[in-house]
There are 2 protein chains.
Amino acid sequence: MSKNKQEDILEAAMQLFAERGYDGTTIPMIADKAKVGAGTIYRYFDNKESLVNSLFVKCVTQFSDILNSEFPGNSGDVREQFSHIFYRMFQFAKHNPYALLFIDSHCMGYYLNEESNKVYDDFLAFIIGAIEKGQERGAIRQLPSNALIAIVYGAFIMLFKMEQAGALENTGQLLEELEESCWNAVRII
Amino acid sequence: MSKNKQEDILEAAMQLFAERGYDGTTIPMIADKAKVGAGTIYRYFDNKESLVNSLFVKCVTQFSDILNSEFPGNSGDVREQFSHIFYRMFQFAKHNPYALLFIDSHCMGYYLNEESNKVYDDFLAFIIGAIEKGQERGAIRQLPSNALIAIVYGAFIMLFKMEQAGALENTGQLLEELEESCWNAVRII
DNA sequence: CATATAGGAATGAATGTTCATTCCTATATG
DNA sequence: CATATAGGAATGAACATTCATTCCTATATG
């Protein structure tokens with residue numbers, strides 16, 4: 001029997017939400033997977049909406065922390081910063097695939113509250129900041145920073161989904177090539 | 001009163017599915033938006049699952065047709081082919097934003113039947129084919145074709161979502177720059 | 001008038017949520 | 001040390017609500 005039921009509930013909910021979406025996942029499904037009674041969920045969360053928002057904030061915060069930690073800020077050059085963000089994204093994807101799928105498929109959900117949206121916006125703001133620094137130094141194309149994010153993050157998400165679907169085997173060698181491809185998309189050539 | 005109720009139902013369903021997902025959209029919601037009775041929907045479709053599958057096949061076919069028509073096949077060079085596909089994707093997105101959002105958020109759904117999955121796979125196969133031709137001619141990077149698709153299609157989808165969210169204003173000038181960025185990601189430099 | 005079509009109330013199954021009850025575990029008591 | 005007791009935690013059956021689907025009536029069409 002598990003020690004921390006709240007953790008069990010969050011883990012089960014994350015996997016189910018990632019696979020079937022918010023509305024496609026029922027409370028009994030979560031209870032079954034977490035091996036708790038349905039009522040137990042309501043000892044830890046006010047309701048289903050509160051659960052999905054808690055989970056969303058948790059996952060985005062984890063993702064953000066991974067990207068931020070050891071980020072080569074003002075010291076490192078732009079190429080190095082890009083590399084850091086790119087590899088950290090894949091590192092997170094490898095260790096937390098459900099979290100990433102969950103974030104990606106729920107970040108526009110109508111059930112997200114103000115706090116969830118703010119956490120997600122702050123997360124994007126960190127990447128935007130790094131990109132704009134790179135532009136000032138003349139290493140990155142003069143496109144809207146949102147466009148540059150979309151290209152790199154969009155490519156990353158789709159690559160990850162391909163790998164999840166078994167349509168792509170991600171070796172270390174390939175990852176380096178993909179990093180170079182994405183860098184070519186945003187750098188000044 | 002509309003002439004073609006089946007069209008009204010499909011259009012309403014597409015918008016709702018795109019915004020709220022399959023499970024988050026109810027039959028009464030669709031009936032309200034289409035301005036028909038709930039029972040009328042069952043005159044045109046066997047059930048909700050049959051409706052979503054009909055809609056999926058229709059949307060993917062439309063998308064595929066746009067990309068295929070006037071495609072510069074064996075005659076055109078690789079750069080031209082890439083350009084064609086890229087601009088056609090944005091053309092489809094501009095004229096059928098709900099269709100694209102619907103395709104993107106439902107292409108992995110557990111409710112899709114064999115036919116839907118086949119149509120989607122065939123659609124991807126067309127792009128894969130074009131990419132592999134380009135590789136043979138030495139213009140495109142020697143990466144798995146699935147990886148190249150993921151980069152370009154992933155970037156495209158995310159750019160479109162950014163624009164939809166109002167975070168990006170898509171002018172003709174910007175589109176040209178984005179096309180060049182994506183081409184830089186896949187071409188041999 | 002006969003038939004086809006549309007509508008929306010009716011239905012039963014499924015959902016999120018509540019609540020009376022049971023189960024643990026830690027402390028108190030002899 | 002063995003047993004009794006208290007109180008929070010967990011449970012899952014029960015509840016109101018909402019859902020997909022069906023069915024019967026009203027209207028349109030020929």
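Below, chain A is the first sequence line, B the second, and so on; all start at residue 1.
Atom CD1 in I30(B) sits roughly 10 Å away from atom P in dT21(D) (whole-Å rounding). For the pair Y22(A) OH and dT15(C) P, the computed distance is 14 Å after rounding to whole Å. Here dA20(D) presents its P atom at 9 Å from CD1 of I41(B), a figure rounded to the nearest Å. Rounded to a whole Å, the CE atom of M29(A) is 15 Å from the P atom of dT17(C). Spacing between atom CG of N47(A) and atom C1' of dT18(C) amounts to 13 Å, rounded to whole angstrom units. The CG atom of D46(B) sits 10 Å away from the P atom of dT21(D) (whole-angstrom rounding). Nucleotide dA9(D) holds its P atom 13 Å from the CD1 atom of I9(A), rounded to whole Å. Separating the OH atom of Y44(A) from the P atom of dT18(C) is a distance of 17 Å, rounded to the nearest angstrom.
In a base pair of the Watson-Crick type (N1 to N3 plus N6-O4 or O6-N4) or a G-U wobble (N1-O2 and O6-N3), with each distance short of 3.5 Å, dT11(C) is matched with dA20(D). Here dG16(C) sits opposite dC15(D) as a Watson-Crick or G-U wobble pair (both hydrogen-bonding atom distances under 3.5 Å). A 3.5 Å limit on both hydrogen-bonding distances identifies dA2(D) as the Watson-Crick or G-U partner of dT29(C).
Nearest-nucleotide positions on DNA chain C for T25(A) and V36(B) put V36(B) closer to the 5' end. Looking at which nucleotide of DNA chain D each of E49(B) and G39(A) is closest to, the 5′-most match is held by G39(A).
Within the nucleic acid shown, F45(B) has no heavy atom closer than 4.0 Å to any nucleic acid atom. Residue T40(B) is classed as a base contact, given a heavy-atom separation below 4.0 Å to a base.
Checked against a 6.0 Å centroid threshold, the rings of F126(B) and F71(B) count as neighbours. Here F63(B) and F123(B) bring their ring centres to under 6.0 angstrom of each other.
Set against dA10(D), dT17(C), dA20(D), the side chain of R43(A) has dA10(D) as its closest nucleotide.
Under the 6.0 Å distance and 45° angle rule, K48(B) counts as a cation-pi partner of Y22(B).
Judged purely by distance below 3.5 Å, without hydrogens or angles, the side chains of N68(B) and S64(B) pair a donor atom with an acceptor atom. Using a 3.5 Å distance cut-off with no hydrogens or angles, the side chains of N113(A) and S116(A) do pair a donor with an acceptor.
Dashed line: the shortest gap from a side-chain N or O of K5(B) to OP1 or OP2 of dG7(C) is under 4.0 Å.
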